[in-house]
Every structure is written in C-alpha cells, then in structure tokens.
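Every chain is numbered from 1, with letters handed out A, B, ... down the list of sequences.
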There are 2 protein chains.
Amino acid sequence: MNELRTIRAKSGTNQEGTSAHNRRVLIEAIRLNGPLSRADLARATRLTKQTVSNLIESLEADGLVASEDVVRGARGQPSTPYRLVPEGAFALGVQIDRHLTRVVAVDLLGREVARAMANLPPGGPAEGSKLILRLIETVRQDLAGRIPESAHRLAGLGVAMPGPFGLEPSDDDTWMMAQWQDFPLVETLAAGTGLATSLQNDASACATAERMNGSADGLDHVVCIYFGYGIGAGLILGGELYTGSNRNAGEIGMVLFSRGGVQSPLEHRASLASLFQHLGLDSATTEAYAEVERLTLADDPRVLEWLAGAAADMRHAVHMVETIFDPETVILSGSAPEPLAKRLFAEMFPLIPSNADRQNRALPRLQLGMIGPWAVALGAAAEPIRRAFDPLFSAILKEAF
Amino acid sequence: MNELRTIRAKSGTNQEGTSAHNRRVLIEAIRLNGPLSRADLARATRLTKQTVSNLIESLEADGLVASEDVVRGARGQPSTPYRLVPEGAFALGVQIDRHLTRVVAVDLLGREVARAMANLPPGGPAEGSKLILRLIETVRQDLAGRIPESAHRLAGLGVAMPGPFGLEPSDDDTWMMAQWQDFPLVETLAAGTGLATSLQNDASACATAERMNGSADGLDHVVCIYFGYGIGAGLILGGELYTGSNRNAGEIGMVLFSRGGVQSPLEHRASLASLFQHLGLDSATTEAYAEVERLTLADDPRVLEWLAGAAADMRHAVHMVETIFDPETVILSGSAPEPLAKRLFAEMFPLIPSNADRQNRALPRLQLGMIGPWAVALGAAAEPIRRAFDPLFSAILKEAF
DNA sequence: CTTATTAAGTCAAATGGCTTGACTTAAATG
DNA sequence: CATTTAAGTCAAGCCATTTGACTTAATAAG
C-alpha cells in the first residue's frame, strides 16, 4: 500500500546505534571532566564496568583515548585514568567573510593546529572557491607535514559564513555576500576536498567554538551573541546547536529594535558595520579593523558615542534572548577587535532586570567569550568534530539511504 | 579517584533503550500517517520487517495498536494496516488559571474523554490544591466509569499554569499567582494522585496541544503564540518541546516592545489582561470573558481601538520569533474568546516582511490554531502521553537512580 | 607485620534485540 | 494458469550489554 505516498517517520535504531552513543558519551565525559578511570566512567554514565572496559579498549585501539599514569592514594586497586588523544581526530574549518577567508585545522580538542588566511579575490564565489580550495590544500599539507597520520583522521570540513541563507537578496545587502548564497558552495568544497562538508552561519560557529573551548564548556542552554561585522546569536539548546528549519535561527541582527522612536534592525546599530559607518571608514578592510582598535584605545569621542548607543541596544538584546530562551548564561563573543569588545561588554552593565535574575545563579547572566578574528573559523572546524564525537540524538539513528 | 567530585556526563544506553526508541518511532509514525502496515513501517523507519513484526506484536499485546481490515488492490500479499488504539493509554491534565481550574482526561490520541472545571476558592494554593485533587478524582471516576480498564493505563498527570517559574514575585503581579509559585504543587498533586506529575507553563501546554491535534501536527520547528490572559510562546524545536534551563523559555510577554516611543512588556499591550484593563472590566472573571466576546461581535469601538494596537505589536512579535527561531510556521493559539482571536488574527495581516518570506514555503507564515478555553488543559494532559510515547533523546538513556 | 577492607578491573557465560536469508502466503497481471 | 510482486514468518545467528564470580592491588586497622 501507499506506494507513492511519503511516510513521515523518524528512523529506528539498533545495537550499532547503542554502541555509537555510548562511545560518544565516554568521549564527551572525558572532554568535560578531564582524565577519568573506567570505574569513574561507569558510574557517571550508568554503564557497567565491563561495557566501559570494552568501549575504552576500542577507543584506545582507534587512537582516541590513552591511559595516563596509575593513580594511587585511595583504598582499593589503583585506577588508570584515560585522557583524550588530541591527535585522534582532526577537522578543517573555513570562514568566509565579506572580503577575506580564513582556514584552520583543529584537533580532537578543538585546538588550532594550522591556519591560513587570504583576501577574497574579485570574481565572486567562482574565483573565491578556487582560492579557498588552495588555502585548504595548504593547511592540509601543513597539517600532514607536522602530523603524518592526520590525513587518515580528518573528520570533515566545516564552513561558516554570514547568514541568512536561502533568501532573495535584499537591497540592504551592502556586503556583496548575495552571490555566495546562490553558489553551490558546499558541493564545490566537498567535491574539491573529498571531505564531508557542512555549512552554518558565523554566529553558530562562534557558539560551537565557545562550547568546545570557551565559556560555554559543557553547558546545555547557552545563547552566544556573535558581535562581528554583523550581529547574530548562536544557540545551544538542550545540549545541541539549534539552527532552525532553514539554518537561519538566531539572526537577531534582523530583529527590529526601537531607540528614540526610530525602528531599525539591531544590526544597523550594534555591529562593526554600524561602527565603520559611524566613523566613515571603508567597510571591513583590515585597515578599518585596525583603525577601530586604535580609536578605541584612544577613547575617541565618536567611538564613545557609538558605544553608548550600541550598549543600550545590546542590553535590550540580552534581555530579549534571556526572556525568550531562558539560558544558563549569555555569552558575548565574536570577531571584533578585543579592546572594543571589552569596552562594549563593560558598557552593557548594569543589565536590564529580567527573568534571569534569580538567586542561586551558578553563572553570571552575561559573560565575555572568545573574542578574536579566528573565533568563527575555529568554530567552523569544531563542527565536524562535534558531529562525529558528541552524543547526539541523530547519531543513534540508522542512516538515510 | 574523585570520590566527591561530581562528574558531568550523559547517560549511556543499552538494548532496552534501542527497543524503547523503536517502539516510540512506530507509534509516532502511525499517529502521523494514519494506519500503516508492517512493511510500510519497516520502510519508513529503516527497521527490518522482522523487527517491526516483533515490535508490533508486543504493541498489540500491550493494547496500543490494533489491526484493521486487510487491504487488497495491489500485487503481492495484501497488507494489514495497524492503527493506534485510543484506549491504549490515558492521561490527565490540569490547567490552573488565575481564578479557575480545569481538569481533563485524554486518550492516546490526545482527545478529550472527560472534563471538570471549577472556580478556585479563596485560601490560596493550600485550599486550591485540595479542590484540584477533588476535581481530578471526579474526572478519574468519570473516566473509569466509561472505560474500566483505563485505570491501569494512566500515563501521568500534566499540570499547566502561567509562568514564569522560580522568580521573586514582582509588584507587577496582579494575578495573585505568586503564592502558587512557592507552593510545592507538583509534589502535592503527585502524592495526592499517585501519578507521575509534571509542570509546564500554559504556552508550552498550548504548543503540545497544537502538536498533538492541531496545526502543528508532525512539525518539528514551530512557535506557538499563546494568547490568553497573558501572552507567551510554546516552542517546538527540533521536534521536541523546548522549555529552557528553568522552564521559562518562550516568555515573550515579558519582552520589551516599543510603540509610540513608550517601552513596555508585550503582555501589557497584547493580552486579554490588557484588553480587560482597556475596557475597564474586572479582570478575568467569566463574565468579563463573555463581555469581551459580546463587545467584539458588536464591533465596539474600544475593542477595535485595542485591536489595532495589539495587532501592531503582534505583528512585531511574529517578526521577532520568525527571525529568532526560523520556524516552519507560527501558530496563533490560546484561550481568548474565539471571535476576538479570529479578529486579532485577521488584523495581523499583512505581516511584516521577514526572513520567513521565501518561495516554496510549504506552510503559511502564520496560522490560527486551536482556540478555546480548554486548549491549555488539553495540552497539559497531552504532555504525559508525549513523554511516554514520542521518540525522545531522553527516552533512550538509562534512567537516573 | 599481618589481616581486613575497599575498590579497579577482568573473565566467561548468558541475555536479549536486531539481522539475515530462505520460505510461505496471497494477490494482481498477462 | 503461470508469472510476478509484495507481505509477512521462521529459525538460526550476531553482537553489545549484562551478570556474577574472580583477580589484583592498594590502604587501613590491629
């Protein structure tokens, strides 16, 4: 029956799914807690000692974990802690920004192992993707030169670029990114590298970076506000990155805010782009970036003026995401010059009272995250690692055909 | 080692988890698609025919599914479709509102089987919870009278009330709900009924109802705007209800909106409470509710005035949640008088252009959902069903001690 | 110094849910 | 009436986890 009708259903699972999940749970537990013995792991995951032993043995054979020195000092047989082996897996990440691109390689711990960067050439994505493929090759060879076995351990390629995705270009798009939206980027890079390739927006990548190595380590409910050329939010909800039905979740830059009776998207008032415009700088050249840093450190009055306004809007943005997401904490991160980011962060206090004001908070309402130009590329690279080694619902399911 | 240190880790799983997941996947597939044969189920879930046969056999033995008439008409052996048995499971739901409480029993399909309602007595939650327990008993006996075996098939008790939860009461709280917040409601009702009891806010319950029997059937990314005495949003993200780190996610009523240079929470301008105030009605009595319905049908100018303003704010709210969540659709639901809700819905068009404007949309950007006074209670009752029978990540994990 | 206690980790058999491939059943097609 | 197609069963096998007894090795107690 129903030969042509598509039946909506989730996928089932089997013992492979069980085992895959348990392996991921062990890896995540070690990542979050540091070296753990098999007995520790068994208690923490509610698996039996024997199961943990079996899994650790296979993880060790795969080069993902290694034993450390035996720990004595308590009653009973001394325990053997296991740690993650950073060289157990690698992944590549690409950030595509308005005028430049960055490529990094990271290890299993999400730490940078190699990097490359270049300005995007004229000629749009057709030319740009060729350059990116060359950069990827450079990074790959750099990586292989230092760690020969890494070639067999590449988990994939993560790509991050500004969103939103899949929309008709608006006249508002001053960034010349529209042409990249139509280009079959994932397919081109996957074909050119032979790696499993995924795409996300820069704010999501930033959140992934924060979760891997930053302020969101081990947290399950985090909003990471990405402050860069534009502004967006990376969402970690229920322990997983949330990207919405079309990868456009978290685009808070396009939410309409009011200030002084004027309504406009947040991005027009709180973003590097808005600051460049306020200062009359040519947008998003590396010189403009350096100039902003200089002016900030010099307490330039135009910067201060902008800061006061942007901080006011950012306070509202924090209030909004706290109210809507009820996160454990909000992180201000991004790729702004660090002095500017710190200044903006400081100006945002006191925060607007919100639902997040509760006694017994474990974490501050707002924290400063990894700020710096490489945050997005690092997050992009961390994505394949996360997808391959974090416990995810999708990971237990049987694969699509 | 680490005797006292708590180790953060997710729980592992085993074959029981596998089986539990697969059973849930089958149940959900039949709920979403209608009766399906074993062969259909095997294809849709990627399980083997044999596994599906085994699971269907056990589901049939548990009284959750039943075979229908054999279907002929195609080549090959005729297939035997299986449907859900509504009497396979029941659950109870309680809505606690400002001045009244509703209790319903629903079946496996989330359909109402019994109901009761009463005004909350003076004396706060101590007295109120006694009344609620009596109402629950009434509904339970009503249910047992009609379907004797239902007593053994109660999946649990879901409770819904206005949020936010766990905050210090503000002077803004005109609803006398604060005392309910401090009261150990879940514990009291669980002890009084012997049922597994859970608590959520009314907007979440409304979203659950929409997913079970309304406009969100089978969708994985939905924002359900609950318009009632207050206003909130129920969030279905990635196929699961999202409630945040403290069950306060989706409280869009507390987001600050600007209109005419004045900034105030959305709830103060778009909610039944705001309309009652605008009309000078005593808040939230049943008479006020009927009066609003009458005035709406009479095109009372004060109602029209309120509608114009509320619709403007609601348009912004829709724009905001679309931008932030990137849902498949937004649903306007709630417990307002139906004529008012329909009027408000109509006034919200045209919507503000947003990221959600894309060609090839499968669904409208905004839909009207189940509107009516029983929506929240039905959603509250559907929650235990959902938790027991929907495929959830948490369902595969080993239980906590 | 000896024994008791505690705890980590292994061994080997058992359990149980899914898989496999051959088989049966039963209808439509030509 | 033989062929084709498809649903569904049967029985053996696979494999990850479980179980309980056992080994190892440390500290604590007397």
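- Distance CD (A/E16) to C1' (C/dC18): 10 Å, rounded to an integer number of Å.
- Checking D/dT18, C/dG17, D/dG8 against the side-chain heavy atoms of B/N14 singles out D/dT18 as nearest.
- Not one side-chain nitrogen or oxygen of A/R23 sits closer than 4.0 Å to the OP1 or OP2 atom of D/dA16.
- Between B/N22 and C/dC18 there is a side-chain N or O to OP1 or OP2 distance below 4.0 Å.
- At D/dG8, one or more side-chain N or O atoms of B/T80 fall inside 4.0 Å of OP1 or OP2 (strictly under the cut-off).
- The distance between atom NE2 of B/H21 and atom C1' of C/dG17, rounded to the nearest whole Å, is 14 Å.
- The CG atom of A/L41 sits 13 Å away from the P atom of C/dT10 (whole-angstrom rounding).
- Pairs passing the ring pair (Phe, Tyr, Trp, His ring centres under 6.0 Å) check and including a residue from residues 44-86 of chain B, sequence neighbours excluded, do not occur.
- Picking from C/dG9, D/dA7, C/dC18 the nucleotide with the shortest atom distance to the side chain of B/A39 gives D/dA7.
- In this structure, the CD atom of B/E57 is 13 Å from the P atom of D/dG8, given to the nearest Å.
- Nearer the 5' end of DNA chain C, as judged by each residue's closest nucleotide, is the contact made by A/S53, out of A/S53 and A/T13.
- The CG-P distance, from A/L47 to C/dA8, rounds to 16 Å in whole Å.
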What's the verdict on salt bridge (charged side-chain N to carboxylate O under 4.0 Å, His left out) for B/D220 and B/R211, showing C-alpha distance, side-chain angles and the deciding distance?
CA-CA 9 Å; B/D220 284 342; B/R211 186 138 198 271; 3.1 Å; yes
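- Straight-line distance from the CZ atom of A/R46 to the P atom of D/dA16: 23 Å, rounded to whole Å.
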Under 4.0 Å protein heavy-atom contact, by nucleotide of nucleotides 19-29 of chain D - B base, S sugar-phosphate only
B----BBBBS-
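- For the atom pair OG1 of A/T48 and CZ of A/R38, the computed distance is 12.5 Å after rounding to the nearest 0.5 Å.
- A salt bridge links A/E383 with A/R386: at least one charged nitrogen is closer than 4.0 Å to a carboxylate oxygen.
- As rounded to whole Å, 13 Å separates atom P of C/dG17 from atom CG of B/L59.
- Between A/R387 and A/R24, the closest heavy-atom pair is O-NH1, 2.9 Å.
- Distance check, rounded to the nearest 0.5 Å: OG1 of A/T45 to CD of A/E28 gives 11.5 Å.
- Taking a cutoff of 4.0 Å between a charged side-chain nitrogen and a carboxylate oxygen, B/D107 and B/R153 do not qualify as a salt bridge.
- Atom CD1 of A/I396 is separated from atom P of C/dG17 by 16 Å (rounded to the nearest Å).
- In the set C/dA8, C/dT19, D/dT18, C/dT19 carries the atom at the smallest distance from any side-chain atom of A/K398.
- Here C/dG17 is the nucleotide among C/dG17, D/dA7, C/dA8 with the atom lying nearest to any side-chain atom of B/Q15.
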